[in-house]
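Ligands are counted one by one from 1 in listed order, and the atoms in each one are counted from 1 as well. Below, each value reflects all heavy atoms present in this structure, side chains not excepted, and no hydrogens, waters or symmetry copies.
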Amino acid sequence: MGKRYVYFFGEGKADGSAAMKNLLGGKGANLAEMTNLGIPVPPGFTISTEVCTYFYHNKGIYPPGLEQEVEQALRRLENIMGRGFGDKEKPLLVSVRSGAAISMPGMMDTVLNLGLNDETVQGLARETNDSRFAYDCYRRFLSMYGDVVLGLKAESVDGIDPFEEIIDELKKARGVQYDNQLSAQDLMELCERYKALVRQRTGKDFPQDPKEQLWGAIGAVFGSWDNPRAIAYRQIHEIPDDMGTAVNVQSMVFGNMGDDCATGVAFTRNPATGENVLYGEYLVNAQGEDVVAGIRTPQPINIRQKTDPQMVSLEEAMPEAYAELDRIRRILDRHYRDMQDIEFTIQRRKLWMLQTRTGKRTGFAAFKIAVDMVREGILTPKEALLRVEPNQLNQLLRPVFDAEAKQKAVASKAFLAKGLNAGPGAASGRVVFNAVDAEHWADRGEKVILVRLETSPDDIRGMHAAQGILTSRGGMTSHAALVARQMGKVCVVGCGDLEIDYKLRQMTVNGRVIEEGDWISVDGSTGEVFAGQIPTRPSEIIQVLLEKTLKPEESSIFQDYTELMRWADAYRRLGVRTNADQPDQAQTALLFGAEGIGLCRTEHMFFEGERIHAVREMILADSTEGREKALAKLLPMQREDFKGIFRVMKGLPVTIRTLDPPLHEFLPTEEADIQKVAEQLGVGAEQVRAKIQALHEANPMLGHRGCRLGIVYPEITAMQARAILEAACEVKKEGIDVHPEIMIPLVGDVAELAHQKRVVDDVARQVMDHYGIQVDYAVGTMIEVPRGAITAGEIAKEAMFFSFGTNDLTQTVFGISRDDAAKFLHDYLEKKIWEFDPFERIDQEGVGELMKMGVERGRATRPDLKVGICGEHGGEPSSVEFCHQIGLNYVSCSPFRVPIARLAAAHAAIREQ
Ligand code: PEP
Ligand code: MG
């Protein structure tokens, strides 16, 4: 026996199983699994992904033995179905679909009703006594095969489907709106026109031999693995190119045999909200792609899903089939232990399952489903944690429209239309009608809403650039809806009241004209669309936690969030702190679960109110006395700042960094401002200008900044140390515990730190003596230049803690200015020089190696050295995981990323087990 390439499924038994995804693709593996579960699945077979790989390695040739295997499988299928492939009386019809291991929505193609030709179509008509049905199948087959296998749609320059044009013409001529209003005679005529089109375009007759059709379709599926859309999708989602797709050949069941037939797509839970109900859409008397193609507006599956009394749900139209579907959705949801995205067809009231796969969902739904599944006993907390991507928590914190502003918008007749709520959240932006414009406008800093009839994979970049996406066609499972959910975009689809005119760059909504560039607001949670800009309001979690406008018990979202975070905290070992410069920021972070402040950038305090004058006075002073005089004015202000922060943090560690940026950042650049500063300080503008000139540096980020400032002007460090310690003593006197950690920036040599430490320690002694209070303070350093990491063993002799400043460390390890990287970053990513932006995600091989070295060498000197990170990477999930792996004590990130870091830290700990 040679290698096996074909795997059969049917009659309650399958050669494959769900575990064989890499070999059978997701679709094939799950068809096998469902068959084994006893769920009604039309029989068929899967040609493995190994054939695809072989096909590509051998210039489009199939492996030996494949043909016989396919023949055998076909025979078996014929026997089960009691029909013959190409049989004139009882023709066997099959579908041919692609199916890669990772689902790639909209990328690959499907051919239905394969096996029809001029003769078998008559047999089908006789057998069913329904020539309308038979020719409906035939015309669908002709156009799908023409598009997918013969490539007629891809050939058309304008992207218009030539078969669509013909059918639209015919519908117009017959004065009908929908395909299903065409008569049998019309459909026959359509088939003739389609065949003529094929002849005209390809110079050949449409293939009549079912075998030739089958191999043509199989070849097209394998070929489509390398079409530009598929390649682009793989690039965006980082799917390896050599994975390959399988091909599924399955006997047809028909949803278009009459009004007791239907086809639909559904989710075992609501993919937008996560609610545990069957959710989806269907169409009566329709086939396959009709539901997602957005040609007829699909009807809801559930009664409760209806938004309009005119709709007819499947629950009402075919209650038995609905009950069966609901029964199967529960089986699948439990069996796979995850929300499934399912496809089904009802042929003469009998339900057939055509597909199941893990469904895409909003971050919101991911979170709710995970928590619910623990309560339902399906998942353990540990599994539930892994089901939520840390960044998906962003969606929980996302704004919604301000209720009052929205009411006002309604009252002022700003309401335009309502569609389906495909991606929750609220977004306002200016209307653009194509993806390229969306990208361009967004590049200019505009907020845009991308408005399309429907979207296609070509629109992905534009969708990414837009605040929100609005389509006039399609359902919850349309391309726009799927992709938006994955991207976490606000999205409303199927908004049928929009009449979009791409050429005029406008849309008309119930008589109102909205032009390109006009503002609209889209509520992806309710499906509503408004003219103009509506202010947004924070999410429920924010309302409970920060604004206290909602009680915890009034918000189930909040309760679920607390539960998930509780589990995360139970698993994680990494501490999570926050970068905060002000008491209010610290408070926010605390409410999100921060366990301390990892970075307080004192310079941010220098810009507030009157202080900038004192700062400028200090910079412009020519002597130590002059500087000290100015610093004396700053001292009480800084002291108050720190007291505020210490009070909020109630004994949690607070890392305060001494002055870091180059001084010129505090001086004015505009002439008018220079004049003003000169006046305020009572000096000549000349003098200010001269100082600015003197402070000018060719490379300020590598210039006089960080600890170099404190070394040249120790009085600055001394003032800051005094402010910190006096604040600590005074707050301690109030009965609040205080743990300040004084952090010296940009240290590359232990002598730098030793110098600054002496300044701090001297002041600390004086202050503590003065107050008669002992403060548990520590002096440590940032590790943010390579020499700091390399000589960490020495530095740790002086430092009680390290904190990696990965912003500067990335800048200095790469030798790339963090301020100028953006200019070429785009090209680097596009050309795959870099896979990601190293200023966003830690470059583990380069920067990460230095971090490891820093940790190891530092702890070799001081085993209890506390090590953290306070660069932007501290809130990025993959970087958090890395920090866990190299043994950091904590990460520190911006307040709104604290929950994300907590979850990422839990993931890291769980994955390590
Ligand atoms: C860093 O360099 O990573 C850091 C936290 O400091 P800053 O961004 O203020 O330079
Ligand atoms: Mg820095």
Original post:
Around Q693, counting heavy atoms of other residues, nucleotides and ligands shown, do more than 12 lie under 6.0 Å from its CD?
Top reply: no
**OP:** Give the atoms of ligand 1, by number and element, whose distance to some non-hydrogen atom of D808 is under 4.0 Å.
**Re:** 1 (C), 2 (O), 3 (O), 10 (O)
**OP:** Under 4.0 Å from a heavy atom of L599: give me the atoms of ligand 1 that qualify, with their elements.
**Re:** 5 (C)
Subject >> Nearest non-hydrogen protein atom, atom 8 (O) of ligand 1 >> reply: R818 NH2, 2.7 Å
Subject >> Any M782 heavy atom less than 4.0 Å to ligand 1 >> reply: yes
**OP:** Give the name of the N/O/S atom in D808 that lies closest to the Mg ion (ligand 2).
**Re:** OD2
Original post:
How does Q811 reach ligand 1, if at all, at less than 4.0 Å between non-hydrogen atoms: by side chain, backbone, both, or neither?
Top reply: neither
Original post:
Of the backbone and side-chain N, O or S atoms of E784, does one lie nearer to the Mg ion (ligand 2) than 2.8 Å?
Top reply: yes
Subject >> ligand 1 N/O within reach of E603 N/O, cut-off under 3.5 Å >> reply: no
**OP:** Quick one: do F896 and F592 satisfy ring pair (Phe, Tyr, Trp, His ring centres under 6.0 Å)? Show the steps, please.
**Re:** CA-CA 7 Å; F896 274 75; F592 282 136; 5.1 Å; yes
Original post:
Hey, is NE2 on H464 packed in by over 12 heavy atoms from elsewhere, all under 6.0 Å?
Top reply: no
**OP:** Please say which of E603, Q720, E741 ends up in a side-chain hydrogen bond (donor to acceptor under 3.5 Å, both in side chains) with R657.
**Re:** E603
Original post:
Hey, which atoms in ligand 1 end up nearer than 4.0 Å to a heavy atom of R705?
Top reply: 10 (O)
Original post:
When you look at NZ of K831, are more than 12 heavy atoms from neighbouring residues, nucleotides or ligands closer to it than 6.0 Å?
Top reply: no
Original post:
Does atom NE2 of H739 have more than 12 heavy-atom neighbours, drawn from other residues, nucleotides or ligands, at distances under 6.0 Å?
Top reply: yes
Original post:
Can you check whether E872 has an N/O within less than 3.5 Å of an N/O in ligand 1?
Top reply: no
**OP:** Check each atom of ligand 1 against the heavy atoms of C870 and keep those under 4.0 Å away; list them by number with element.
**Re:** 5 (C)
**OP:** Give the residue and atom name of whichever protein heavy atom lies nearest to atom 6 (O) of ligand 1, and the separation in Å to one decimal.
**Re:** R657 NH1, 2.9 Å
Subject >> atom 9 (O) of ligand 1 [closest protein heavy-atom partner, distance rounded to 0.1 Å] >> reply: R601 NE, 2.7 Å
Subject >> Under 4.0 Å to a heavy atom of G805 - the qualifying atoms of ligand 1, by number >> reply: 1 (C), 2 (O), 3 (O)
Original post:
Are R857 and E794 within salt-bridge range, i.e. N to O under 4.0 Å?
Top reply: no
**OP:** Quick one: look at N579 and ligand 1, take heavy-atom pairs under 4.0 Å, and tell me if it's side chain, backbone, both or neither.
**Re:** neither
Original post:
Does M743 reach ligand 1, in the sense of a heavy atom lying below 4.0 Å from it?
Top reply: no
Subject >> Parallel, tilted or perpendicular, as decided by the 30° and 60° cut-offs, for the rings of F814 and W834 >> reply: perpendicular
